[in-house]
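What follows is a set of notes on a single structure, which appears directly below.
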Amino acid sequence: MSNRLVERFCAMVRIDSESGNEARFIESTKGQLETELGATCAIDAHGNLIAKVPAKNAEGGEPIFFAAHGDTVKPGVGIEPIVEDGVIRSKGETILGADDKAGLAAIVEAVVTAERRPAVEIVVTRGEEIGLVGARNLDLSLLDAKRGVIVDGEALNEVIIGGPTHASVDVEILGRAAHAAEPEEGISAIRIAAEAITRFKEGKLDAETVANVGTIQGGMIRNGIPARVTIEAECRSLDHEKCLRQAEAMKTAFEEAAAAMGAKANVRIRIEYEASRTPEDSAIVQLACRAIEAAGLEPETQVILGGTDSLILSGRGLETAVLGTGGQGAHSVDERVSVADLEKVSEILRHLIEITAAG
Ligand SMILES: [Zn+2]
């Protein structure tokens, strides 16, 4: 059985699926779920897969969904998984793709091995790594389940029940170009940027709020006063209002620093998603905790500052929680997952299915 799960996982990561190029992986998963589980599959207009697996040995029990994202970050082409000392890793030039194929492989194995199950829906989203776009565009009319889990976390005993509001702050500073020998004729957009960034707090602002300036680009030539700088910044907070206030503070800092030097800053704030929290006593959190216990671990509920498909789906009215994949070192060529952890995830999910089937 363990070999089958490892093989399942390795077969998945061997199919390239960097964000934007997931179609072949989604197609292949669809074929596999149809053949192996008798699933009825649909691919929505955005390219997300929704596979409906009929109930087995269960009368009642509400339908439940399991979601994982089908895309990976780069470098994710030509992944060659190797199993060594009970750990699966890539040969070294690529990521492994445990994020999130460990989640998907464990889901499929759990559905296959569960002795009884309610109607189960397996959702494979696209473009999670490039802004949760698959989940945003997921055609919910194709989904019967109202609750489910996203298997895309880390630790196996953690149930992630909430996440932050996330604001992107895009800045364009327009100064005035001039020859470096005649600085009085110009206004340096770079100096304005430097001044503005010192006017707001960055990093960890409090236990639930962070802010970051991620990119800065500007200037054309060494001997010219730079006329234009663009900046990509962001902030997040588990408290929605705090996130908005921080984003506004960053906007004001750029505008005021520019105005003080007779220049202009165009600042755009975009709310990527809003903070949400699934109640501890909701059915999905309770089921997830019971499943983790059944697998011999101590469940812990958590809120995180990262974004997952869960935030989008929860914002769209579904009851969701995130479970771990056991993967480590995601988004790096050191990414790995142990065979034991992969098996444990699958066991947790199998318990979740069987407990749900019991009603
Ligand atoms: Zn992921």
Side-chain angles (χ1 to χ4, degrees), residues 5-33 43-44 46-51 66-84 87-109 122-138 149-156 160 163 214 272 304 306-313 322-339 341-342 345-346 349:
L5 175 55
V6 171
E7 271 317 304
R8 193 186 288 294
F9 170 69
C10 290
M12 285 180 178
V13 303
R14 284 192 194 102
I15 303 173
D16 299 342
S17 64
E18 287 183 349
S19 306
N21 290 307
E22 314 91 329
R24 199 165 67 89
F25 177 70
I26 300 256
E27 249 333 298
S28 131
T29 305
K30 173 174 178 284
Q32 188 192 355
L33 296 178
I43 291 179
D44 71 13
H46 188 74
N48 299 298
L49 172 65
I50 300 100
F66 292 88
H69 59 90
D71 65 320
T72 75
V73 294
K74 295 176 181 180
V77 171
I79 295 170
E80 287 184 57
I82 49 172
V83 189
E84 216 173 57
V87 176
I88 315 172
R89 55 177 81 240
S90 79
K91 271 184 79 181
E93 294 88 37
T94 65
I95 52 145
L96 174 62
D99 175 14
D100 190 17
K101 289 172 183 174
L104 183 57
I107 291 169
V108 177
E109 187 67 18
I122 300 174
V123 177
V124 185
T125 58
R126 290 188 52 196
E128 192 267 356
E129 302 286 7
I130 51 171
L132 315 175
V133 290
R136 286 179 208 279
N137 291 289
L138 180 66
V149 294
I150 288 83
V151 188
D152 190 21
E154 289 174 6
L156 301 183
I160 298 166
E272 303 292 346
I304 58 167
T308 65
D309 279 348
S310 174
L311 280 171
I312 301 296
L313 297 178
V322 181
L323 290 178
T325 64
Q328 292 180 302
H331 297 203
S332 81
V333 295
D334 292 324
E335 189 184 11
R336 64 212 174 267
V337 63
S338 79
V339 173
D341 283 352
L342 190 57
V345 182
S346 190
L349 300 178

| What are the two closest heavy atoms between Val13 and Ile79, and how far apart are they? | O-CB, 3.5 Å

| query | Looking at Leu33 and Ala51, what are the two nearest heavy atoms and their distance? | reply | CD1-CB, 3.6 Å

| Heavy-atom closest pair, residues Asp71 and Ser19 | OD2-OG, 2.7 Å

| task | Any chance you could measure Glu128, atom CD, to Glu22, atom CD, to the nearest 0.5 Å? | result | 10.5 Å

| task | For the pair His331 and Ile95, evaluate side chain to side chain contact (heavy atoms under 4.5 Å, CB included) and give the outcome as yes or no after the intermediate values. | result | CA-CA 7 Å; His331 297 203; Ile95 52 145; 5.8 Å; no

| Side-chain touch Lys30/Ile43, heavy atoms, less than 4.5 angstrom | yes

| query | So does Glu109 pair up with Arg8, basic N to acidic O under 4.0 Å? | reply | yes

| message | Side chains of Thr29 and Leu104, heavy atoms from C-beta outward: is any pair under 4.5 Å? | response | yes

| Heavy-atom donor-acceptor pair, Glu7 side chain to Leu5 backbone, under 3.5 Å | no

| task | Taking all heavy atoms of Ala68 and all of Ile107, pick out the closest pair and write down the distance. | result | CB-CD1, 4.1 Å

| task | State which residue, out of Thr125, Asp99, Thr308, fulfils the side chain to side chain donor-acceptor pair (under 3.5 Å) condition with His69. | result | Asp99

| query | Is a side-chain N or O of Thr325 found less than 3.5 angstrom from the main chain of Gly103, in a donor-acceptor match? | reply | no

| Side chain proximity check, Phe9 to Ile88, heavy atoms < 4.5 angstrom | yes

| query | Any donor-acceptor pair under 3.5 Å linking the side chain of Ser90 with the backbone of Thr94? | reply | yes

| field | Residues which pass side chain to side chain donor-acceptor pair (under 3.5 Å) with Ser17, listed by chain and number, not counting sequence neighbours | value | Lys101

| Inter-residue atom distance Phe25.CZ - Gln32.CD, 0.5 Å rounding | 8.0 Å

| message | For Gly134, is there any backbone N or O sitting under 3.5 Å from a side-chain donor or acceptor partner on Asn48? | response | yes

| message | Nearest 0.5 Å, please: how far is CG in Asn137 from CG in Leu132? | response | 11.0 Å

| query | What are the two closest heavy atoms between Asp309 and Ala135, and how far apart are they? | reply | OD1-CB, 3.4 Å

| said: Would you say that Val123 contacts Leu49 through its side chain, given a criterion of any heavy-atom pair below 4.5 Å between the two side chains? | reply: no

| query | When you measure from the side chain of Glu335 to the backbone N and O of Leu96, does any donor-acceptor pair fall under 3.5 Å? | reply | yes

| Got a sec, which residues hit side chain to side chain donor-acceptor pair (under 3.5 Å) with Gln328, two or more places apart in sequence or on another chain? | none

| Where do Val345 and Gly326 come nearest, in terms of heavy atoms and distance? | CG2-N, 4.2 Å

| query | Is a side-chain N or O of Arg89 found less than 3.5 angstrom from the main chain of Ile82, in a donor-acceptor match? | reply | no

| CD of Glu154: more than 12 outside heavy atoms within 6.0 angstrom? | no

| request: Determine whether Glu84 and Arg336 make a side-chain contact, defined as any pair of heavy atoms from C-beta on separated by less than 4.5 Å. | output: no

| task | Report yes if some heavy atom in the side chain of Leu323 is under 4.5 Å from a heavy atom in the side chain of Ile150; otherwise report no. | result | no

| message | Taking the side chain as everything from C-beta on, heavy atoms only, tell me whether Arg24 gets closer than 4.5 Å to Ile15. | response | yes

| message | Counting C-beta onward and ignoring hydrogens, is there a side-chain heavy-atom pair between Glu93 and Val333 closer than 4.5 Å? | response | no

